[in-house]
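Here is the naming used below: chain letters follow the sequence lines, and residue numbers restart at 1 for every chain. Only a predicted model underlies this, so the values are computations on that prediction, with no experimental measurement involved.
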2 protein chains.
Amino acid sequence: MSTTQIKTPKGTRDWAEDDLILRNAVFAKIRRVFELHGGAEIDTPVFELKSYLTDNYGEDTKLIYNLQERGGELCALRYDLTVPFARWLAMGNIRHIKRFQIGKVYRRDQPAVSRGRMREFFQCDFDYAGEFDSMVPDAEVVSITAEVFEALDLPVTIRINHRLILDGLFSALDKLPWDEVQKEMETKGLDASVATKLGGYVLLGSAGEFDLAASLEMLKSDPLLLKNADIQKGVEEVELLLQYLNAYGVATYVKFDLSLARGLDYYTGLIYEVVLDDEGTEAKLQVGSVAAGGRYDSLVGKFSSRDIPCVGISFGIDRILTVLKARQEANLKPQTSRRLDVWIIIASSNTLLVEQRIVIARELRQADISVDFDAKADKKPRKQMDVAKKSASVVVFLEYTDVSPGGIRVKTLALPEKNLDNATAVDRKDLVCEVKKRLA
Amino acid sequence: MSTTQIKTPKGTRDWAEDDLILRNAVFAKIRRVFELHGGAEIDTPVFELKSYLTDNYGEDTKLIYNLQERGGELCALRYDLTVPFARWLAMGNIRHIKRFQIGKVYRRDQPAVSRGRMREFFQCDFDYAGEFDSMVPDAEVVSITAEVFEALDLPVTIRINHRLILDGLFSALDKLPWDEVQKEMETKGLDASVATKLGGYVLLGSAGEFDLAASLEMLKSDPLLLKNADIQKGVEEVELLLQYLNAYGVATYVKFDLSLARGLDYYTGLIYEVVLDDEGTEAKLQVGSVAAGGRYDSLVGKFSSRDIPCVGISFGIDRILTVLKARQEANLKPQTSRRLDVWIIIASSNTLLVEQRIVIARELRQADISVDFDAKADKKPRKQMDVAKKSASVVVFLEYTDVSPGGIRVKTLALPEKNLDNATAVDRKDLVCEVKKRLA
């Protein structure tokens with residue numbers, strides 16, 4: 001194989017070093033927000049029975065990865081985490097839950113690596129399932145969305161729309177049936193001719209976005225629209241949402257956007273999409289939306305006789321990481337990813353000192369201090385020091401001596417410090433204590 | 001779909017609640033041991049180019065899950081984490097690393113769910129790659145293995161053997177060539193006829209196990225064996241290993257086992273397998289080995305012109321979890337998995353109190369306190385209390401009053417406490433403080 005190019009499959013990647021450290025840090029922050037809201041984690045298999053997946057993604061069903069047939073069940077890699085969640089809900093006896101899941105999903109799409117669009121990519125979903133008071137779960141999910149981006153220090157706008165308002169507008173305008181319009185809107189956003197017709201009722205700003213309260217006022221000011229039952233219900237729900245979002249202190253993040261018409265195969269009520277506020281570097285990356293979701297009240301019923309209404313949000317981790325990484329690089333922050341507490345250096349090549357090194361490493365690790373050393377004993381102390389400086393915060397230096405008990409002298413040195421001669425001798429029995437002092 | 005049985009694919013499962021909490025706790029403990037040794041995490045795609053996988057697993061290649069062909073690259077789900085690691089090493093410029101990886105792997109085998117044998121299951125690998133002093137990495141990997149089971153409080157025996165000693169014994173005995181013997185040993189363990197022939201040189205105990213030092217003495221006491229270069233080298237390596245394992249304080253876990261002949265497609269030196277010490281409950285589960293590994297010095301060279309010697313260990317997480325769960329159940333430990341810090345209860349059905357609840361929830365969450373409440377406002381306080389008792393440690397109770405400022409009285413109550421009337425009124429501005437006191 002040495003002549004061909006060794007690689008990962010198209011649209012997939014390995015994770016290591018700073019990228020993985022950043023990813024784990026982002027997961028930890030998001031996970032904490034979920035836990036603060038009482039979210040319970042679940043984990044589902046990477047593949048599902050194929051028949052569960054094929055009905056839910058419209059045109060995009062062709063992007064599903066099937067497993068090779070070998071007799072028995074036909075399976076396919078999961079396309080998102082929402083359908084597996086609905087399948088899980090349908091299997092169990094749970095009638096309400098706040099669940100979250102972080103995992104890889106698979107789409108045989110054209111990859112665009114620089115923008116964080118991959119064939120294997122992460123989703124990170126929070127969903128609130130159950131029959132509850134109107135808009136209480138929806139408001140919490142929108143608030144969680146805002147809190148996650150607050151925790152990540154990324155300024156965002158949450159664009160919202162409501163399926164019933166859209167349905168109602170089109171019906172009030174005697175427009176084409178929903179199915180035909182949605183295709184157009186999915187590919188181009190809100191078409192100019194449609195916008196013109198809507199214009200008589202709702203004035204669109206340049207980005208099609210409005211302050212939420214102002215949009216509601218506009219919709220309510222038109223008696224023709226308010227006569228439409230769908231619009232009436234949609235407006236009532238969005239009004240209640242706004243009231244709760246004010247209580248959560250996150251209403252300022254939210255804008256009404258009539259051109260938003262995403263995920264039409266599942267969503268039945270509120271829908272939303274999160275975009276980064278324009279900040280130069282980020283805009284150039286063209287990552288698109290960094291999170292999206294909405295209410296889907298009929299998906300569980302596809303698997304089970306009892307339906308469970310759900311509302312959820314899915315975070316596009318790979319896009320978020322692309323932006324955070326670009327920001328790190330733009331800020332030219334020094335990489336301070338010293339992984340280890342201690343690096344042990346020995347004065348000379350001697351296998352007896354190898355064992356001393358092992359004994360001391362074990363002792364430190366038992367005190368919850370991370371330790372490493374070079375597994376080649378014949379390296380010059382200066383060379384060992386070069387590695388230590390890149391990897392650890394404290395050096396423990398061992399050398400032979402006639403005066404110390406056991407014939408070994410132990411010294412410590414806090415990094416960054418260039419000169420090993422500046423190391424301080426410590427009493428062998430005080431080593432853990434001295435190292436902890438240096439680390440503090 | 002409502003008439004058919006909804007399920008996960010054969011040999012796969014969902015993870016939730018206590019099982020997932022236990023799994024995350026086990027991962028955290030193992031991860032900490034790895035980090036204490038300076039391990040760096042990597043993560044690779046769930047599928048690899050099929051050609052990389054097919055040469056490494058002998059007979060078991062038939063268990064690999066292929067993805068359906070759709071033109072372009074042929075891919076297959078990873079069968080373990082070792083081959084992806086070797087592929088990753090071959091792609092990069094890294095010449096030495098201690099890496100770990102935790103992830104799911106896939107084998108189209110006959111599942112045995114009760115024993116933790118699944119088609120989708122976890123592996124958790126630590127590997128030490130690079131040219132180093134003899135047996136220093138090997139000793140560290142064996143020590144990490146012991147430390148992981150110490151951290152999990154599971155008593156184990158680490159059975160070791162050495163490929164060169166096995167090779168040498170067979171060659172000294174003028175036995176069949178290795179390739180033919182290995183097949184027999186793989187399926188049946190050490191065959192009786194082989195054991196008889198070996199018997200002249202090495203006495204086998206009932207379980208084929210020996211104290212490491214005693215086994216070495218036996219091998220060394222036979223001049224015929226020590227003339228064989230392979231055996232000589234193998235014995236020297238195991239002696240040095242024993243010396244280092246003593247320094248690590250883990251030599252007592254290790255037994256020599258000549259019948260151990262696992263993973264023959266990659267391993268080139270030391271091999272080992274971990275079994276649980278017999279303890280009644282565990283023995284009945286028949287989980288088999290709970291971790292296994294060894295030295296594989298030629299695998300990276302299959303992908304690249306430069307070879308990197310490696311030694312590693314793979315933990316069988318699903319089997320370990322099966323045992324830990326059985327132990328939890330046997331001990332009848334009460335499940336104290338209260339996920340939340342606070343549950344908010346409201347006195348009556350009133351939407352104004354819904355917003356108050358949201359405001360207080362946000363305030364507590366901003367102080368890193370996890371909170372939830374029932375998203376149905378019309379539930380009787382006693383019913384809300386029932387949920388609170390199962391879910392949280394502290395109750396915050398809201399009611400209308402004429403006397404408090406803002407018209408809302410706030411009370412707290414530490415659980416378990418049956419009577420909501422015992423809640424103590426707190427000053428609104430001291431709420432976070434009071435809750436933290438109750439949680440402490």
Side-chain angles (χ1 to χ4, degrees), chain A residues 1-2 6-10 12-17 20 35-38 40-49 65-68 70 72-73 75 87-88 90-91 104 108 120 132-133 136-137 243-244 247-249 302-305 339-340 354-355 358-359 362 365 370-372 375-377, chain B residues 1-2 6-10 12-17 20 35-38 40-49 65-68 70 72-73 75 87-88 90-91 104 108 120 132-133 136-137 243-244 247-249 302-305 339-340 354-355 358-359 362 365 370-372 375-377:
Chain A
M1 271 187 228
S2 56
I6 301 293
K7 61 191 277 297
T8 63
K10 187 175 177 181
T12 70
R13 57 164 293 187
D14 295 317
W15 293 83
E17 298 175 7
L20 187 51
E35 285 168 354
L36 285 172
H37 285 263
E41 188 172 5
I42 73 161
D43 176 40
T44 62
V46 159
F47 52 86
E48 293 276 343
L49 294 183
Y65 276 95
N66 297 318
L67 298 185
Q68 195 181 85
R70 287 262 302 268
E73 304 164 346
C75 297
R87 189 266 307 148
W88 178 81
M91 275 174 70
K104 288 174 176 175
R108 203 191 283 269
E120 175 183 68
F132 292 113
D133 287 351
V136 175
Q243 192 178 322
Y244 295 155
Y248 273 119
K302 291 178 88 165
F303 295 100
S304 159
S305 52
R339 281 185 294 105
L340 283 161
V354 172
E355 280 167 86
I358 289 175
V359 169
R362 176 159 172 94
R365 285 175 189 138
S370 62
V371 191
D372 208 353
K376 263 187 168 160
Chain B
M1 272 188 227
S2 55
I6 301 293
K7 61 189 279 297
T8 62
K10 186 175 179 183
T12 70
R13 57 165 292 188
D14 295 317
W15 292 83
E17 298 174 9
L20 187 51
E35 285 169 354
L36 285 173
H37 284 264
E41 189 173 2
I42 74 161
D43 176 41
T44 62
V46 159
F47 52 86
E48 294 277 341
L49 294 183
Y65 276 96
N66 298 319
L67 297 186
Q68 196 180 83
R70 287 262 303 268
E73 302 163 346
C75 297
R87 190 267 307 147
W88 178 80
M91 274 174 71
K104 288 173 175 174
R108 202 191 281 269
E120 176 184 67
F132 291 112
D133 286 352
V136 175
Q243 191 178 323
Y244 294 155
Y248 272 119
K302 290 178 91 165
F303 295 99
S304 159
S305 53
R339 279 184 294 106
L340 283 161
V354 172
E355 281 167 84
I358 289 175
V359 169
R362 176 162 171 91
R365 285 175 189 136
S370 61
V371 191
D372 208 352
K376 262 185 169 161

Inset, instruction - May I ask you to name which of Asp14(A), Leu49(A), Ile42(A) has the most heavy-atom pairs under 4.5 Å with chain B? - result: Asp14(A)
Inset, instruction - Mind listing the closest non-hydrogen atom pair of Glu355(A) and Ala247(B) along with its distance? - result: O-CB, 3.8 Å
Inset, instruction - Among Val359(B), Thr44(B), Val46(B), single out the residue with the greatest number of heavy-atom pairs under 4.5 Å to chain A. - result: Val46(B)
Inset, instruction - Give the minimum heavy-atom separation between Tyr248(A) and Arg365(B), together with the two atoms involved. - result: CE2-NH1, 3.7 Å
Legend entry - Interface moiety of Phe47(A) toward chain B, non-hydrogen atoms closer than 4.5 Å: both
Inset, instruction - Quick one: pull up NZ in Lys7(A) and CD in Glu73(B) and give me the separation to the nearest 0.5 Å. - result: 3.5 Å
Inset, instruction - Nearest 0.5 Å please: distance from the OG1 atom of Thr8(B) over to the CD atom of Glu48(A). - result: 7.5 Å
Legend entry - Note, Leu36(A) side chain near Val371(B) side chain (heavy atom, < 4.5 Å): no
Legend entry - Contact winner vs chain B - Asp43(A), Val136(A), Asp372(A), heavy-atom pairs under 4.5 Å: Asp43(A)
Inset, instruction - Identify which part of Lys10(A) has an atom lying under 4.5 Å from any heavy atom of chain B, answering side chain, backbone, both or neither. - result: both
Legend entry - Euclidean distance, Glu120(B) CD relative to Cys75(A) SG, rounded to 0.5 Å: 10.5 Å
Inset, instruction - Name the member of Glu35(A), Arg87(A), Glu17(A), Arg13(A) that forms the most heavy-atom pairs with chain B at distances under 4.5 Å. - result: Arg87(A)
Inset, instruction - For the pair Glu41(B) (side chain) and Leu20(A) (backbone), establish whether a donor and an acceptor sit closer than 3.5 Å, ignoring hydrogens and angles. - result: no
